[in-house]
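Below, read A as the first sequence line, B as the second, and so on, with proteins coming before strands; counting in each chain starts at 1.
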Number of protein chains: 2
Amino acid sequence: MSRGKARAALLGELEEAMRRSSAQGVLYGQAVADIAGISGSDLECLDFLNLEGRVTAGRLAEVTGLTTGAITGVVDRLEKAGYVRRERDESDRRKVFITVVPEATAKIGQFYVPMQQAMQKVWSGYSEEELRLLLRFALDGYKGVLEATEALKTVIDAPAEKRASLKTPKPRR
Amino acid sequence: MSRGKARAALLGELEEAMRRSSAQGVLYGQAVADIAGISGSDLECLDFLNLEGRVTAGRLAEVTGLTTGAITGVVDRLEKAGYVRRERDESDRRKVFITVVPEATAKIGQFYVPMQQAMQKVWSGYSEEELRLLLRFALDGYKGVLEATEALKTVIDAPAEKRASLKTPKPRR
DNA sequence: CTAATTATCTTAGCGACTAAGATATATATC
DNA sequence: GATATATATCTTAGTCGCTAAGATAATTAG
């Protein structure tokens with residue numbers, strides 16, 4: 001019995017530890033946004049722009065799940081704060097490309113340095129084989145959460161009557 | 001060279017996979033809140049209440065980082081929706097204990113079933129020893145993110161001048 | 001009893017969001 | 001080429017949840 005923790009208890013601890021670090025990760029992101037003086041959505045867009053380089057306003061709406069109207073506000077704020085520029089697409093003048101100004105990338109990037117350093121430190125404690133296991137788990141976990149999100153939609157659509165009917169189910173906007 | 005992926009590439013993939021699953025996890029939580037017809041903050045409080053059982057309004061403000069005024073609104077909405085009840089503390093009548101009504105626990109709980117099932121499925125693919133490694137990593141990771149959050153505050157306090165000075169640093173509220 | 005403290009609620013105002021529709025440009029059909 | 005439809009973004013009006021400040025009520029200290 002002393003050989004190995006009971007699996008159920010192990011899973012419980014694992015779940016809690018993951019929940020905690022995930023929540024703390026969200027807090028970190030919010031802290032970065034606060035320091036940068038922008039909203040969480042603004043930072044999310046800025047991060048995406050840094051990855052993709054040059055993206056239309058409409059694409060930002062897609063990936064963030066915001067309306068195009070909200071994105072107009074996001075870009076207005078980011079542009080006013082000097083983080084991004086609007087550039088009309090010359091071949092299709094309806095489109096507006098958003099680009100990050102290089103100095104902004106550096107300025108925001110510095111706020112992620114502490115996180116990168118902390119993660120490097122953590123990773124340094126693992127062998128390559130162990131890291132491969134972690135990667136497998138991270139990929140499995142992502143797939144799992146995706147599945148769960150899909151399954152959740154099923155729960156919604158199924159017994160539409162019994163759903164959130166503790167009181168009024170709040171009319172869908 | 002074919003023996004084992006280069007460590008740097010491995011770490012890159014690991015980082016991305018973790019970032020993705022974390023982001024998807026946030027989306028899942030938001031989806032649950034949407035279905036339940038409450039805000040993200042409301043759900044956060046409800047989850048905490050389910051863990052702790054019976055908690056004062058002030059404690060909710062502490063753990064969520066919201067003001068007491070905001071908590072009044074949260075509890076108002078949750079109570080109106082029938083998820084919680086207010087109960088004055090008889091021995092100190094300034095305090096208000098919030099309790100979850102049992103049916104609400106069940107009602108919200110069902111939205112987490114898909115996630116629990118997906119995670120069980122994932123975990124079933126790992127040996128107990130592998131799970132122990134994952135737990136070690138989750139704990140290390142949590143510590144790392146906490147450290148990073150601390151270190152980030154240092155970045156803030158240090159060269160107060162150069163911070164977010166791309167334009168105006170936006171006055172602290 | 002009075003003053004200070006504690007716990008919650010109220011009020012005013014703000015920022016970010018959605019829904020709907022306006023505007024400008026592009027594409028398809030005749 | 002003219003007309004209709006589609007696409008991409010912006011504008012407007014209204015909503016929601018938040019904070020800051022202070023009001024209210026109950027408790028504790030002097």
Handout entry: d(CD1, B/I71; P, D/dT19) in whole Å
Key = 9 Å
Handout entry: A/D42 CG to C/dA16 C1', straight-line distance once rounded to whole Å
Key = 9 Å
Exercise for the section: Check every strand shown and say whether B/T68 touches a base, only sugar-phosphate, or nothing at a heavy-atom separation below 4.0 Å. Expected result: base
Practice task
Tell me, yes or no, whether the heavy-atom count around B/R86 atom CZ, taken from other residues, nucleotides or ligands under 6.0 Å, exceeds 12.
Solution key: yes
Practice task
Would you please say whether a donor-acceptor pair under 3.5 Å links the side chains of B/D140 and A/Y126?
Solution key: yes
Problem - Presence of B/R88 side-chain N/O under 4.0 Å of D/dA25 phosphate oxygens OP1/OP2 - result: no
Practice task
Scan A/R59 against the nucleic acid and name what it touches under 4.0 Å (heavy atoms): base, sugar-phosphate only, or nothing.
Solution key: nothing
Handout entry: Gap between atoms CZ and P, on A/R94 and C/dT25 respectively (whole Å)
Key = 10 Å
Practice task
For A/D89 and for B/G58, find the nucleotide of DNA chain C with the closest heavy atom, then tell me which residue's nucleotide is more 5'.
Solution key: B/G58
Exercise for the section: Taking the side chain as every heavy atom from C-beta outward, state whether A/L131 and B/L14 have any atom pair closer than 4.5 Å. Expected result: yes
Fill in the blank from the handout: Between A/E90 and A/R77, the residue closer to the 5' end of DNA chain C by nearest nucleotide is A/R77
Problem - Touch class at under 4.0 angstrom, heavy-atom based, for A/A70 against every strand present - result: base
Exercise for the section: Let me know the distance between CD1 of B/I38 and P of D/dT15, rounded to the nearest Å. Expected result: 22 Å
Problem - SB check A/R19 A/E15 (cutoff 4.0 Å) - result: no
Exercise for the section: Give the rounded distance in Å between these two atoms: CG of A/D34 and C1' of D/dC18. Expected result: 13 Å
Exercise for the section: Write down the distance between CG (B/D76) and P (D/dC18), rounded to a whole number of angstrom. Expected result: 12 Å
Practice task
Send over the distance from A/D92 CG to C/dT27 P, rounded to a whole Å.
Solution key: 6 Å
Completion exercise
Closest heavy-atom pair, B/Y28 versus B/Y112, reported as atoms and distance to 0.1 Å, is OH-CA, 3.9 Å
Fill in the blank from the handout: Rounded to whole Å, CZ of B/F97 lies from C1' of C/dC9 at a distance of 18 Å
